Participant: 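After the structure tokens below, expect a handful of questions from me.
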Amino acid sequence: QVQLTESGGGSAQAGGSLRLSCSVSGAAVSSSSMAWFRQGPGKGREGVAAIVGSYVPTYANALKDRFTISKDNAKNTIHLQMDNLKPEDTAMYYCAASPDIKQGRWRLLLSHEYPYWGQGTQVTVSS
């Protein structure tokens, strides 16, 4: 059973930073496709960033200059560093996992590619 537990959400002022973490059990992040998604108020779920094996991470175009995804294989954890936060970053952030190494960057930010999800962590950015 794969379980994902997010942490690190909270409130921040515009221009500030937050670092989210996702602890994984039941699968190894080193051999899985891992991603962050978010869902803002009244919006659909959107892909934020993905990290797969030793490949270069994939980012949503609008976020790649402010967000950084990373992983710690030894701790079986992934992180999302969010800098220069904006009010429109307010959302529930979800960690997602698929126990395979996906081929094709175009797939990595599609929610249906991931069978396992965390409960989410709320991020609220005020102006």
Side-chain angles (χ1 to χ4, degrees):
Q1 181 76 9
V2 178
Q3 292 188 321
L4 310 175
T5 305
E6 302 98 335
S7 62
S11 298
Q13 297 275 17
S17 297
L18 285 173
R19 186 177 189 237
L20 306 183
S21 297
C22 174
S23 178
V24 182
S25 63
V29 297
S30 59
S31 57
S32 297
S33 300
M34 303 295 303
W36 288 98
F37 289 79
R38 71 182 185 182
Q39 187 164 10
K43 299 181 180 179
R45 189 168 295 187
E46 65 171 336
V48 173
I51 188 164
V52 179
S54 59
Y55 296 119
V56 173
T58 296
Y59 295 94
N61 284 337
L63 302 176
K64 62 184 178 181
D65 293 332
R66 300 189 294 117
F67 288 13
T68 303
I69 190 171
S70 62
K71 62 179 179 177
D72 185 332
N73 290 338
K75 295 183 178 179
N76 219 34
T77 299
I78 69 168
H79 304 284
L80 183 69
Q81 177 68 39
M82 305 185 294
D83 298 318
N84 191 21
L85 285 163
K86 302 178 179 182
E88 52 263 41
D89 295 320
T90 295
M92 186 71 80
Y93 284 73
Y94 298 92
C95 177
S98 182
D100 59 348
I101 299 295
K102 295 189 181 296
Q103 304 296 322
R105 296 173 71 89
W106 61 272
R107 303 170 59 187
L108 299 182
L109 296 182
L110 300 178
S111 59
H112 66 256
E113 293 284 346
Y114 298 88
Y116 302 105
W117 293 80
Q119 291 299 307
T121 186
Q122 178 67 39
V123 170
T124 302
V125 183
S126 57
S127 58

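All figures in this text were calculated on a predicted structure; none of them were measured in a lab.
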Participant: Would you give the length of the straight line joining atom CG of Asp83 to atom CG of Leu63, rounded to the nearest 0.5 angstrom?
Facilitator: 12.0 Å
Participant: Between Ser21 and Thr77, what is the shortest heavy-atom contact and its length?
Facilitator: CB-CG2, 4.3 Å
Participant: Using 0.5 Å steps for rounding, measure from the OG atom of Ser30 to the CG atom of Asn76.
Facilitator: 7.0 Å
Participant: Donor-acceptor pair, Glu6 side chain versus Cys22 backbone, under 3.5 Å?
Facilitator: no
Participant: Tell me, which pairs form a disulfide bond (SG atoms under 2.5 Å apart) where one or both residues lie in residues 24-57, sequence neighbours left out?
Facilitator: none
Participant: Output all residues satisfying salt bridge (Lys or Arg N to Asp or Glu O under 4.0 Å) with Arg105, sequence neighbours left out; order by chain, then residue number.
Facilitator: none
Participant: Treating Ile, Leu, Val, Met, Phe, Trp and Tyr as nodes and any side-chain heavy-atom pair under 4.5 angstrom as an edge, say whether Ile69 and Leu109 lie in one connected cluster.
Facilitator: no
Participant: Excluding sequence neighbours, so at least two apart, what forms salt bridge (Lys or Arg N to Asp or Glu O under 4.0 Å) with Arg19?
Facilitator: none
Participant: With a 4.5 Å cut-off on side-chain heavy atoms, are Arg45 and Trp117 touching?
Facilitator: yes
Participant: Just verifying a value: how many Å separate Asn73 CG and Ile78 CD1, rounded to the nearest 0.5 Å?
Facilitator: 11.0 Å
Participant: Is the closest side-chain heavy-atom distance between Cys95 and Ser23 below 4.5 Å?
Facilitator: no
Participant: Between Tyr94 and Leu20, is there a side-chain heavy-atom distance shorter than 4.5 Å?
Facilitator: no
Participant: May I have all residue pairs that pass side-chain hydrogen bond (donor to acceptor under 3.5 Å, both in side chains) and include part of residues 61-70, sequence neighbours excluded?
Facilitator: Arg66-Asp89
Participant: Do the rings of Tyr114 and Phe37 sit parallel, tilted or perpendicular, given the 30° and 60° boundaries?
Facilitator: perpendicular
Participant: Check salt bridge (Lys or Arg N to Asp or Glu O under 4.0 Å) between Asp100 and all other residues, then give those that pass, not counting sequence neighbours.
Facilitator: Lys102
Participant: Would Met92 end up clustered with Phe67 when hydrophobic side chains under 4.5 Å apart are linked, directly or stepwise?
Facilitator: no
Participant: When you group the ILVMFWY residues by side-chain heavy-atom contacts below 4.5 Å and let the links chain together, are Leu108 and Val29 in the same group?
Facilitator: no
Participant: Does some side-chain heavy atom of Glu113 sit less than 4.5 Å from a side-chain heavy atom of Ser98?
Facilitator: no
Participant: With a 3.5 Å cut-off and sequence neighbours excluded, list the donor-acceptor pairs that the side chains of residues 46-55 form with protein atoms.
Facilitator:
{"from": "Glu46", "atom 1": "OE2", "to": "Arg38", "atom 2": "NE", "distance (Å)": "2.6"}
{"from": "Glu46", "atom 1": "OE2", "to": "Arg38", "atom 2": "NH2", "distance (Å)": "3.1"}

Participant: Could you pull out the closest heavy-atom pair between Asn84 and Ser17, with the gap in Å?
Facilitator: N-OG, 4.3 Å
Participant: Kindly give the heavy-atom pair with the smallest separation between Gln13 and Ser126, and that separation in Å.
Facilitator: OE1-OG, 3.2 Å
Participant: For the residue pair Ala97 and Met34, what are the closest heavy atoms and their distance?
Facilitator: CB-SD, 3.5 Å
Participant: May I ask you to check whether over 12 heavy atoms, not counting those of Glu88, lie within 6.0 Å of atom CD?
Facilitator: yes
